[in-house]
Amino acid sequence: MTDAIRYELVKQCAHTGARAGILHTPHGSFNTPMFMPVGTQATVKAMSPRELTEMGAGIILSNTYHLFLRPGHELVAEAGGLHKFMGWDRGILTDSGGFQVFSLGDLRKISEEGVAFRSHIDGSRQFLSPEIATQVQNALGSDILMAFDECVPYPAEYDYAKRSTERTTRWAERCLKAHSRADQGLFGIVQGGMYKDLRAQSAAELTSLDFPGYGIGGLSVGEPKHLMYEMLEHTTPRLPTNKPRYLMGVGTADCLVEGVMRGVDMFDCVFPTRVARNGTTMTKNGRLVVKNAEFARDLRPIDPDCGCYACQNFSRAYIRHLFKADEIFGLRLTTIHNLYHLLDFMRRMRQAIIEDRFLAFREEFWEYYPKEEN
Ligand SMILES: CC1(C)O[C@H]2[C@@H](O1)[C@@]1(COC(C)(C)O1)O[C@@H]2CNc1nc2cc3nc(N)[nH]c(=O)c3cc2[nH]1
Ligand SMILES: [Zn+2]
């Protein structure tokens with residue numbers, strides 16, 4: 001039986017951990033490194049599936065926690081599954097809900113069995129376990145489902161991080177047992193907090209369970225970026241080269257290029273769509289807050305070098321006007337730009353890897369992009 005998810009290595013950079021590949025799924029084959037737009041509640045906010053396809057999105061994210069609470073996975077299954085329900089015929093990856101319970105749910109109580117919490121929607125008492133989270137994702141029919149884990153908070157004491165990471169491994173085993181569909185791939189999630197030995201232990205335990213891919217969790221949780229990079233350096237070399245590595249919740253262009261250099265293949269982040277809705281756009285020179293007064297008479301596009309629909313057809317002055325007039329089209333244009341910007345950035349980075357010029361690509365990136373203090 002062929003695996004639902006298969007990673008094909010196309011080119012390994014000779015000087016760094018960067019690599020170009022193809023991720024084969026039941027809903028198509030997609031180039032890596034890849035950025036996955038986030039569509040938490042079965043929609044990438046303000047985008048239509050047609051627009052996402054046109055800009056080259058391959059796999060998008062949705063979320064177990066949110067869809068379990070509303071509209072409920074049974075309804076989505078009745079509608080023929082998430083692809084049909086949301087009109088998306090390419091790849092879907094669902095996060096397992098672990099992280100969201102910790103960052104959104106209220107009054108949560110963790111036990112070996114799972115997590116009791118109150119819904120952030122109506123305060124009702126809810127419970128998620130490795131079995132329930134897996135069954136919900138099987139019902140949603142996503143191509144990739146994530147194991148139910150605990151995202152170790154930052155900072156966390158060593159003993160807490162160790163106990164939590166060991167429980168995440170036990171939960172991953174329970175997800176494997178509960179996983180019931182051969183046309184979906186279940187990824188384990190490496191934890192370990194900011195402790196190198198726990199990262200190594202988590203990677204070893206999970207790879208012994210032979211998942212078709214691995215999430216790298218417990219990062220992008222408020223830690224300084226240098227610490228995230230350090231944990232990556234201690235994790236990706238301990239993961240199989242013939243399986244995809246997915247850094248969860250990351251990120252902006254700087255984290256994408258630094259993550260790719262350290263062997264990451266897949267990324268997701270709410271940042272580009274979230275900041276677009278309040279008028280912040282992403283360019284190679286960093287952020288450009290197009291709704292600011294300085295752009296009131298600026299007839300240039302957000303980014304003159306950008307091939308997106310917004311930059312090809314509209315000016316900063318027009319988009320600023322739309323934001324000031326509270327017109328929905330404004331946030332649609334900034335969302336189109338931010339997603340196109342990251343998707344195109346990944347395409348260009350992949351081409352650089354294939355042509356053996358990744359280090360030159362990274363160097364040029366840092367010539368333009370603002371360096372942060374941390
Ligand atoms: C919840 C929301 C909207 O997603 C952003 C943003 O807030 C926020 C909240 O704290 C900051 C850092 C400020 O950024 O972190 C999110 C992006 N970082 C992230 N997403 C993750 C998802 C994850 N899923 C699972 N199952 N397991 C994980 O370990 C995991 C780790 C993750 N790290
Ligand atoms: Zn653009």
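Side chains included, hydrogens not; waters and symmetry mates left out as well; all remaining heavy atoms used. Atoms within a ligand are numbered from 1 in the order they appear, just like the ligands themselves.
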Under-4.0 Å heavy-atom contact between protein and atom 13 (C) of ligand 1: no
Heavy-atom protein contact below 4.0 Å for atom 22 (C) of ligand 1: yes
Joint hydrophobic cluster, Y160 plus L219, side-chain heavy atoms closer than 4.5 Å: yes
same_hphob_cluster(V290, F271) at 4.5 Å side-chain heavy-atom cutoff: yes
Electrostatic pair [X]-[Y], nearest N-O below 4.0 angstrom:
X: E355; Y: K11; value: no
X: K177; Y: E131; value: no
X: E294; Y: R316; value: no
X: D254; Y: K371; value: no
X: E51; Y: R332; value: yes
X: D159; Y: K162; value: no

The Zn ion (ligand 2) contact by H341, N, O or S atom under 2.8 Å: no
Counting only heavy atoms, which portion of [X] has something under 4.0 Å from ligand 1: side chain, backbone, both, or neither?
X: L219; value: backbone
X: M146; value: neither
X: Q100; value: neither
X: I189; value: side chain

Whether E150 lies under 4.0 Å from ligand 1, heavy atom: no
Distance from [atom] to nearest protein heavy atom, with residue and atom:
atom: atom 1 (C) of ligand 1; value: F99 CE2, 3.4 Å
atom: atom 20 (N) of ligand 1; value: G249 CA, 3.4 Å
atom: atom 24 (N) of ligand 1; value: D95 OD2, 2.7 Å
atom: atom 27 (N) of ligand 1; value: D149 OD2, 2.8 Å
atom: atom 11 (C) of ligand 1; value: S220 O, 4.3 Å
atom: atom 5 (C) of ligand 1; value: V270 CG2, 4.1 Å

Atoms of ligand 1, numbered as shown, that sit under 4.0 Å from any heavy atom of [X]:
X: S96; result: 26 (N)
X: G217; result: 28 (C), 29 (O)
X: R274; result: 3 (C)
X: G218; result: 28 (C), 29 (O), 31 (C)
X: G222; result: 12 (C)

At the Zn ion (ligand 2): angle between C308 atom SG and C311 atom SG, to 10 degrees: 110°
Shortest-distance N, O or S atom of H337 relative to the Zn ion (ligand 2): ND1
Euclidean distance, T25 OG1 relative to L93 CG, rounded to 0.5 Å: 10.5 Å
Parallel, tilted or perpendicular, as decided by the 30° and 60° cut-offs, for the rings of F345 and F365: tilted
Flag, side chain of T32 to backbone of G21, donor-acceptor distance under 3.5 Å: yes
Partner of K243 under side chain to side chain contact (heavy atoms under 4.5 Å, CB included), chosen from D265, T207, D210: D210
Cation-pi check, R262 onto F358 ring (under 6.0 Å, within 45° of axis): no
